[in-house]
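Have a look at the structure below, then the notes.
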Amino acid sequence: MEYKFSHIEKKWQKIWKETNAYKVSNTSDRPKYYVLDMFPYPSGAGLHVGHPLGYIASDIFARYKRLKGFNVLHPMGYDAFGLPAEQYAIDHGIHPAVSTEDNINNFRRQLDNIGFCYDWDREIRTSDPYYYKWTQWIFLQLFHSWFNRKTQKAEPIAELVKLFEKEGNASHPCPGDLSIRFNEQTWAGFDEHQQMEILMDYRLSFCGYGEVNWCEALGTVLANDEVVNGVSERGGFPVVKKKLRQWYLRITEYADRLLEGLERIEFSDAMKEMQSNWIGKSYGAEISFAFKGSTSQLTVYTTRPDTIFGVDFMVIAPEHDLIDQITTPDQKQAVEDYIAYVKSRSERERMAEKKISGVFTGAYVLNPFDGREIPVWISEYVLAGYGTGAIMAVPCGDERDFKFAKHFNIPITNIIGSHYNGEEANPTKDAILENSGFLNGLVMRDAIEAALKKIEEIGIGTRKVNYKMRDAAFSRQRYWGEPFPIAWKEGVAYPLPESELPVVLPHIDEIKPGREGEGPLSNLPEWIKSSPIGGERESSTMPGYAGSSWYFLRYMDPHNDNAFCDRKVSDYWGQVDLYIGGTEHAVGHLLYSRMWTKALYDLGHIGYDEPYKKLVNQGKIGGDSRLIYRVRGTNQYVSVGLKDQYETDELHVDVTIVDGLELDQEAFKRSRAEYNNATFILEDGKYICGSRLEKMGKRYFNVVNPDDIVAKYGADTFRMYEMFLGPVEQDKPWDTKGIEGVHRFLKKLWRLFYDEVKGQVWNTEAPTDAEWKVLHKAIKRAEEDTERFSFNTTVSTFMICVNDLADLKCNKKDILQPLLVLLTPYAPHVSEELWHLLGNTTSILDAEYPTFEPKYLVESNKEYPVSVNGKVRTTINIALDAAQDDVEKIVLSNDVIQKWMEGKPHKKVVYVKGRMVNVVV
RNA sequence: ACCCCGGUGGCGGAACUGGUAGACGCGUUGGACUUAAAAUCCAAUUUGCCGAAAGGCGAGUACGGGUUCAACUCCCGUCUGGGGUACCA
């Protein structure tokens, strides 16, 4: 009886399906555990071996937790809305709904091949109206809410209206526009239109105007990555900034809570760092400087008020409002030219530019403390959107300011004495201030506070906390996304009642951009006019991250028609205990879904405000490309070792026709017509390819399809090999060759039970101590390593165990059966098969995880490494319970040790019980 | 430029709180079984030197320092690869 993996795997996959082995109940006496994968966008290319890495890891952990007695939720679904499907429709005329369905079916087939334990009854698709009904519903919750800064949480906007009626907005300044101020009488005097406009500036999902990448030739709005060097990626048409009406999420109100929450969740430091950098909280001050000979003022934002005496010039953004007003007549032309130049440049160019540019406005402001005249410049390195769009430049302390000053020959004031060397700026906070008026003699670190106090005291500025993060744009002028449950009446957005949900995405035969930057839905006048509350429907759709911001909740209660998720159910499942996915979603998806969770929590819909308790980032699997070398101008190919003797062109060759590094010459000739008469220059009769590690992708011909691997070696081998490659978090190259080792391991395991010649070899004899020891060593390590997600070392633990048992010729059921349970999360099919062959009638999926018993590992002696002055010289067998004195005696009397002590007296003997002994002389 | 993560044999990697560096696997070499192949098994495999061998001596975890009885592990500096962010004041 041999190991027929393909037969075994098909058989058990069928049985597990028929017996609903992976069905999960929302009620259980067992403790819960929620394992979630970042769900995939079902692309047309299908899965390559890099994709399932995280899925396998989570599957192993889910199965492990189940064996440990947990009720485990481990669902899967599809992030099914998105741009590629829409683009595919435009290019090939196939409707996104159709291509998405096809792609999902293909993904599902590939996933099933690998033997995952997903409860497919809980599958979700974000593009399914039954799902996006609730995406729209949550959007409405956000629309009907505002963020109360006093309580630091989302509250119903109806409450805010009551407050306005009672006391105006004095105690709740408007986050959308600080200049909006009114009392209860003025509020009562506003008409509905005005009131709705004001409320819009408070809502958590709101409509405003934002700049987008507008491509006139394509008649559409482009995403940042669709714009390359200021032109569209497709077609190369010009792209300009255009202000369009857009929906936003007021995520900035949550900035502090998003920061605070990071302290309560287990994300990697790198991930937390990325999120807090993105949020970009900084403490500083806004300071106003009076213009010379004018009543107007220039307000700047700075984090270093201590350097105020070192200000040598001001820089304002080219978009700054004051420019027209302050520019002197003789500088007018220069300023206009500069602004025209800046406008001609795309945002990307502006950001990438390292060269210094700018223009003087002719205006001066006065330093409030010493009255010094400070010139005001314009430069593109200051951004309009951050702070006040104006900075005070301190060239001795800031590198960019320094370079600017040097470039335009602006004199530099040194306020930090010897810390400034005239060659480069020094951003230190440790210098003692000089040339700094009332701050002289203070250490900068302390001067910050002193300066702030003074600035506030004389009323020229206030402390200010700034965030880099912006409100999140939430609308797309696209077709393949969730429609908004919104209708417009005379320029005012009205929400549709909940009873109208879902607003189903209408069918479009041909997807084309609408007019005036509107989305394709605007081409359906009948649909636009079909609003149940009158007016016109919103023609934009929601972005990709809408559906993914809350999907972890829907898996808990996927068929609920009355709620996005029953509160009792979300209370039972709680947070996602383990979330596995790639780093590429570090700031997008993870921040948005954290915000949605907080809002849902604030509004009482769920009982926790962080969605993911622990996040593990899986690394990427790189492709190992194979290269061949064509002798230039010929159809002759030279093996890598000889290529330097010729002038060659390097070509990628499909990795599937290369065995290791050796090219299958016949397969190569067959692969393309142009290679039919290829000839080769060989070394040792072989054509050896070059290799290079690159991203796995079609263009490099290095894609390895998991289907092929599973067909050749089986799912169990594939699963274990993906884990064996290295730590899950780490990037690593794929090497198909190495899979043999794991496959051999499974065959070796099989032979402990059945022999090709002898048939059954397993028996029911009583194990020896040595055999128990091998088993329990494996139990201990497999459990510890799985718990800390060290799946690669668990696999080697299994190998060591099987090697040891084979050496001991142990075929005993008492040993082999618990081993199968340990192995189940990693190789479920072969474990289940052998489990049944041992005579079990229930499924191994619900077996009990073996308990480690230390007694089998207890030893009385250890072969201690003994060093002299830190160098290991010999090993001595010493009793484990030996005391320091005994050990000293034994060790010092040892011949080898005496030799290395060279007759010198020992200073001390370091004895670490169970570890080592070191003699210091 | 800043931040984060890494750098260990021919290769993927192991060494968890400092305690015998290189587990496990791939590859390579030699051997057994076989008519042959596949499969399987055995042995060797960081490196230099001495030795017929058993074995011994020395070096070694990117590089240079340091702390320690003891450093892949901790500290300082440098180089280098990858990722993130970006004229963010």
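Letters A, B, ... mirror the listed sequences (proteins, then strands); counts begin at 1.
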Q | Conformer about C1'-N of B/G9 - syn within 90° of 0, anti elsewhere | A | syn

Q: Return the nearest nucleotide to the side chain of A/Val912; candidates are B/G12, B/G19, B/C41.
A: B/G19

Q. Has A/Gln730 got a side-chain N or O lying under 4.0 Å from the OP1 or OP2 atom of B/C5?
A. no

**Q.** 4.5 Å side-chain heavy-atom contact, A/Lys614 and A/Phe789
**A.** yes

Q.
Considering every strand and a 4.0 Å limit on heavy-atom distances, what is the contact class for A/Lys468: base, sugar-phosphate, or nothing?
A. base

Q) Do the side-chain N or O atoms of A/Asn617 get closer than 4.0 angstrom to the phosphate oxygens (OP1, OP2) of B/G83? A) no

(Q) What's A/Lys907 touching, base or sugar-phosphate or nothing? Going by heavy atoms closer than 4.0 Å. (A) nothing

Q: Assess the side chains of A/Ser357 and A/Glu380: does a donor N or O sit below 3.5 Å from an acceptor N or O?
A: yes

Q) When all nucleic acid strands are considered with a 4.0 Å heavy-atom cut-off, which category describes A/Asp398: base, sugar-phosphate, or nothing? A) nothing

Q. Are A/Arg915 and B/G18 close enough that a side-chain N or O sits under 4.0 Å from OP1 or OP2?
A. no

Q. Is the phosphate of B/G58, meaning OP1 or OP2, less than 4.0 Å from a side-chain N or O of A/Arg873?
A. yes

Q: Pick base, sugar-phosphate or nothing for A/Trp900, based on heavy-atom distances below 4.0 Å to the nucleic acid.
A: sugar-phosphate

Q) Got A/Asp735 and A/Leu725 here, is their nearest side-chain heavy-atom distance under 4.5 Å? A) no

Q: For RNA chain B, produce a single dot-bracket line, 5' to 3'. Pairs: Watson-Crick or G-U wobble, both distances under 3.5 Å. Symbols: ( ) within strand, [ ] crossing, | other strand, . unpaired.
A: (((((((..(((......[....)))((((((.......))))))(((((....)))))..(((((..]....))))))))))))....

(Q) Using OP1 and OP2 only, check whether a side-chain N or O of A/Asn277 sits under 4.0 Å from B/G84. (A) no

Q.
Under 4.0 Å, heavy atoms only, any strand: does A/Asp401 hit a base, just the sugar-phosphate, or nothing?
A. nothing

Q. For atom NZ of A/Lys403, is the number of surrounding heavy atoms from other residues, nucleotides or ligands below 6.0 Å larger than 12?
A. no

Q.
Both A/Lys908 and A/Lys871 contact RNA chain B. Which one's nearest nucleotide lies toward the 5' end?
A. A/Lys871

Q: Indicate whether any N or O donor in one side chain lies under 3.5 Å from an N or O acceptor in the other, for A/Tyr713 and A/Glu740.
A: yes

Q) Is A/Glu863 touching bases, backbone alone, or none of the nucleic acid, heavy atoms closer than 4.0 Å? A) base

Q. Between A/Gly870 and A/Thr388, which is nearer to the 5' end of RNA chain B once each is assigned its nearest nucleotide?
A. A/Gly870

Q | A/Phe852/A/Glu784 under side-chain contact (heavy atoms from CB on, under 4.5 Å): CA gap, chis, key distance, verdict | A | CA-CA 11 Å; A/Phe852 166 62; A/Glu784 285 173 358; over 6 Å; no

